[in-house]
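Some notes on the structure that comes next.
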Amino acid sequence: MAQIKVTVDGVQYADQVEPRLLLVHYLREVIGKTGTPVGCDTSNCGACTVLMDGVSVKSCSVLAVQADGADITTIEGLSDGEWHPVQRAFHEEHALQCGYCTPGMIIAAADLLRDNPHPTDAEIREGLEGNLCRCTGYENIVRAVRRAAEAGAGQ
Amino acid sequence: MTATTDAAQAELGRARLRKEDARLITGQTNWTDNISLPGMLHMAFARSPVAHAKITGVDLSAARNMPGVIAAFSGADLGAEQGSLPCAWPVTEDIVIPPHPPMAVDEVRYVGEAVAVVVARDRYAAADAAAMVDVDYEPLPPVLDMRAALAEGSPKVHEAGNKSYEWVFAAGDMDAAFAGAPVVVERTYRQQRLIPCAMEPRAVVSQWVGDQVTLWSATQIPHVVRFALSAFFGIPEQDVRVIAPDVGGGFGSKLQFTAEEVLAVLVSRRVGKPVKWTESRSEGNMTVHHGRDQWQRIRIAADADGRIRGLDVDLLADMGAYLMLVTPGIPLLGAFMYPAIYKMDAYSLKCTGVFTTKMPTDAYRGAGRPEATFAIERIMDELAVELGMEPLELRERNWIKHEEFPYTTIAGLTYDSGNYEAATARAKELFGYDELRREQAERNARGDTVRLGIGISTFTEMCGLAPSRVLGSLSYGAGGWEHASIRMLPTGKVEVVTGSSAHGQGHETAWSQIVADQLGVPFEDIRVLHGDTLVSPKGMDTYGSRSLAVGGLALVSACDKVVDKAKVIAAAMLEASPDDLEFAAGRFSVRGDPEAGATIQEIALATFAAHNLPAGVEPSLDSDATYDPDNFSFPHGTHLCATEVDTETGMVTIRSYVAVDDVGVVVNPMIVEGQVHGGIAQGIAQALYEEGVYDDDGNLVTSTLADYLVPSAADLPSYVTDRSVSPAGNRLGVKGVGEAGTIASTPAVVNAIIDAVRPFGINDITMPCTPERVWRAIQTAQDGGAA
């Protein structure tokens, strides 16, 4: 077992974990942050995307021990009372149906806009290539990210 | 009151933002895998690594000795207790339905079939222990090709042989239609095997308290699961509660009664603790039922002017290793749709269900209808070429004219409404059809290395499953009705209970709109409850684009009953005769005295108090209704796709995609558009990207999302969508939309690809039309077919 200290959505945690424990399982099963789901086992789908020290990572591809000392933001900590502009845009553009990919998609979109505050549609599509959605056909996700960009989400 | 009234009247057709979203975008969703109960244990399965083998021994001792392991069971350990998974659709009297134990006992018949289950304190310990299960297999030959499976001397999947059933349909004089027909075109199409890949993997939690069990499952069909657990596994129905919490997509894949659900219930009873199982994606790709997988031989006979005389279809449908809930019926859902929107003199279809040593197939978005639509829309293009006719003109010459509805097709279905002319005209306009045809001709003339192709799909489908008497006539094991109830709460708020079980479709929003419209109460005052058999005890659940066209109509009936009951109480409150009352926008008023009135929400409070009710009137406005449709519904539309095909690389790019759908009256256009988008994407995925592939030994080589190409945003185009409206014959005029896009788009895309490369003499490319396959087809054609 290894000792880790990690800040998740503004709260500090210290835990003993198995060295092989995935960050996403640490989040979900050790500290109860079930807002971040698991969609695959090959890091293709992106459902488990979180921000680690401000940068998006697929939390199924990070070991909990690698997150030692890191500051993690999950979908549960993205809004600060008010919904994040990307969350609002996903609601307003109907960019989700079943909602399973949505936490990862929103986090990835927020990170995309941080990197590129005014992406073209093609840049949005390329930028979200690592996040799969089976419901929406992506049309409304692209619209939502565009709307969030216009609302200044990346600034 | 006036503002509320106006808002309520405008509910149908309004793009209400979804009530569901708040929890979904903030990570407060209640997925099954989120559930954690005190003392809960975790299950993991040891699964067959071979396609076909005798089991000669299962040694669980090493697994049982692993740290944190509570128990381990083989199929033999559970014995008769594990029973056999049911098939609810025995399509013929002599169908072969082999026993299907949840865990294999004597023989495994596909890679991934469960052989043993271990129960441990956490999921990692359970996975470790499952890897220690030692099974001795005596290999048997795999059976992987449907046509070879039917050949004399083929190895057998089951003792009874490899043919499950043969189902036939015929109408009209086929001999007359084909004999002497000026044009007959025959093609054979391959519907590749698809893996549904709902984003949420399957998950189950089972908990016994005394002799009552609660099963949480990521399922589309909690009511069917409850019935099946009771009917086939001997648990009294009143002791079974099934909950489908938030469910992350289904697309038919969660329209199933699974081995894992049964085993969770049995194992949790054995160990006396709640158990959970959540599949990994690679486990799911192997063991969630697959879709499609057919060979389709199709022949069409026509007059020289293009009029269709007859259609003949011969299907081989891969059942996989067992018949699951509705496996054999899936091709039949398409059997009535090959004639599509076209008039003809004769039609026949034969479908042979074949066993192979692969994962069973079952419902996948469209279920039979995408296959049928693909074959007919593909061969209509081929027939047009044969006749030297513009493909849209050929379709128009044969389709049912809008003034001919209702129209009974050669397959015996009565289409209640439709307007193919309107949808097609609008689609052509949005697409710039004539202009694109001109550009195509110009590029062909100059031998452009990047060719332009135009694909047409003037599709229809049957949905709104289904009139119970029709299901009965097709030997289906249940009815097709749906249930709803309305609970008028004392404060005037409304609880709506629906038997359909949403998993992304937005029922909480759309159902609120319907009830707001019917009862005239504010949208915000309505709460929709679903997916829990304790809360919603009756239902037939969600699949086959049935929720609105059946469940929505149940809702309307339930609202009628509330209004009828309220009217009697309103009359007493207003000291008027019920016959003198009018109900509009949520308010009863006395005819001729609009000032005298009471809202239904006020009446709810008066009913709760029950102080001044007329004698003999029960103090309740609550209602129940069960609606059984008297017909299917028939959404249709015209989808047009323009592809650019790079003849040097085989790369296909969708340049534009226009969809004009007629789904009848629309409750929420935003949700409808979203369903169309997602449907189109899944159909494009079949055309270009996805295929479930087994190797020569019967191993699934597409078991991960690294190998099975679910398209990303970067792989898909933007879509232009619009609607035309011909109201359906039901009270809401609604048809359903869940599957339309998927049914329509696959042939639109493939027709566009073939249209682009037809100058090379190519008339088919097997799906998925990958760059390699397109490039090889062009190379082969250019080499004069030598390769």
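Below, chain A is the first sequence line, B the second, and so on; all start at residue 1. This structure is a prediction, so every number in the text was calculated from the model and none was measured.
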Self-check item: A/Leu96 side, atom CG; B/Asp21 side, atom CG - distance, nearest 0.5 Å
Solution: 4.0 Å

Quiz prompt | Residues of residues 22-33 of chain A near chain B, each having a heavy atom less than 4.5 Å away | solution = A/Leu22, A/His25, A/Arg28, A/Glu29

Quiz item: Passes side-chain contact (heavy atoms from CB on, under 4.5 Å), B/Arg281 versus A/Thr42? Steps please.
Solution: CA-CA 8 Å; B/Arg281 175 62 58 183; A/Thr42 48; 5.8 Å; no

Quiz item: What part of A/Leu21 lies closer than 4.5 angstrom to a heavy atom of chain B: side chain, backbone, both or neither?
Solution: both

Quiz item: More than 12 foreign heavy atoms under 6.0 Å from CD of A/Glu82: is that the case here?
Solution: no

Quiz item: If you look at every heavy atom in B/Leu705 and A/Cys45, which pair is closest and at what distance?
Solution: CD1-CB, 3.9 Å

Quiz item: Contact part of A/Leu78 toward chain B, heavy-atom cut-off under 4.5 Å: side chain, backbone, both or neither?
Solution: neither

Quiz item: Do you know which two heavy atoms are closest between A/Glu139 and B/Ser718, and how far apart they sit?
Solution: OE2-OG, 2.7 Å

Quiz item: Rounded to the nearest 0.5 Å, how far does OG1 of A/Thr102 lie from CZ of B/Arg23?
Solution: 11.5 Å

Quiz item: Got B/Gln675 and A/Gln97 here, is their nearest side-chain heavy-atom distance under 4.5 Å?
Solution: yes

Exercise. To the nearest 0.5 angstrom, please state how far the CG atom of A/Asn44 sits from the OG atom of B/Ser712.
Key: 10.5 Å

Self-check item: Derivation and outcome, side-chain contact (heavy atoms from CB on, under 4.5 Å), residues A/Val38 and B/Asp33
Solution: CA-CA 9 Å; A/Val38 182; B/Asp33 187 54; 5.5 Å; no

Quiz prompt | Under 4.5 Å from any heavy atom of chain B - which part of A/Thr136 | solution = backbone

Quiz item: Using a cut-off of under 4.5 Å for heavy-atom pairs, which of B/Gly248, B/Gly504, B/Gly506 has the most such pairs with chain A?
Solution: B/Gly504

Quiz prompt | Passing candidate, side chain to side chain contact (heavy atoms under 4.5 Å, CB included) with A/His94, options B/Glu673, B/His677, B/Arg18 | solution = B/Arg18

Quiz item: Considering only heavy atoms from C-beta outward, does the side chain of A/Pro37 approach that of B/Glu200 to under 4.5 Å?
Solution: no

Quiz item: Given the options B/Ala713, B/Ala714, B/Gly674, which has more heavy-atom pairs under 4.5 Å with chain A than any of the others?
Solution: B/Ala713

Quiz item: In terms of heavy-atom pairs under 4.5 Å, which option from A/His91, A/Glu76, A/Met105, A/Glu129 contacts chain B the most?
Solution: A/His91

Exercise. Nearest 0.5 Å please: distance from the OH atom of B/Tyr708 over to the SG atom of A/Cys40.
Key: 15.0 Å

Self-check item: Heavy-atom contact with chain A under 4.5 Å, split by part of B/Ile684
Solution: neither

Quiz prompt | Toward chain A, the part of B/Ile680 with a non-hydrogen atom under 4.5 Å | solution = neither

Quiz prompt | CD (A/Gln3) with more than 12 external heavy atoms under 6.0 Å | solution = yes

Quiz item: By a 4.5 Å heavy-atom criterion (distance strictly below it), what part of B/Pro196 contacts chain A: side chain, backbone, both, or neither?
Solution: backbone

Practice problem: Look at the side chain of A/Tyr138 and the backbone N and O of B/Asp715, then say whether any donor-acceptor pair between them is shorter than 3.5 Å. | Solution: no

Self-check item: Pick from B/Gly249, B/Gly679, B/Ala706 with the largest number of heavy-atom pairs that fall under 4.5 Å of chain A
Solution: B/Ala706

Quiz item: So, for A/Gly99 and B/Leu24, which heavy atoms are closest and what is the spacing to 0.1 Å?
Solution: CA-CD2, 4.2 Å

Quiz prompt | Which portion of B/Thr29 sits near chain A, non-hydrogen atoms under 4.5 angstrom | solution = neither

Quiz item: What is the distance from atom SG of A/Cys135 to atom CD of B/Gln682, rounded to the nearest 0.5 Å?
Solution: 8.0 Å

Practice problem: Pick one of side chain, backbone, both or neither for B/Arg123, based on which atoms fall under 4.5 Å of a heavy atom in chain A. | Solution: side chain

Practice problem: Using a cut-off of under 4.5 Å on heavy-atom pairs, state which of B/Val710, B/Thr704, B/Asn285 scores highest against chain A. | Solution: B/Val710

Self-check item: When A/Arg125, A/Glu126, A/His84 are compared by non-hydrogen pairs under 4.5 Å with chain B, the top option
Solution: A/Arg125

Self-check item: Side-chain touch B/Thr26/A/Gln87, heavy atoms, less than 4.5 angstrom
Solution: yes

Quiz prompt | Heavy-atom pair count under 4.5 Å with chain B, highest-scoring of A/Ile141, A/Ile75, A/Val86, A/Leu128 | solution = A/Ile75

Quiz prompt | Which portion of B/Ala22 sits near chain A, non-hydrogen atoms under 4.5 angstrom | solution = both

Practice problem: Determine the minimum heavy-atom distance between A/Gly137 and B/Leu716, stating which atoms define it. | Solution: O-CD1, 4.3 Å

Quiz prompt | Structural part of B/Val247 lying under 4.5 Å from a heavy atom of chain A | solution = backbone

Quiz prompt | Whether over 12 other heavy atoms sit under 6.0 Å from A/Arg114 CZ | solution = yes

Practice problem: Provide the closest heavy-atom pair for B/Trp31 versus A/Cys98 in the form atom of the first, atom of the second, distance. | Solution: CH2-O, 3.2 Å

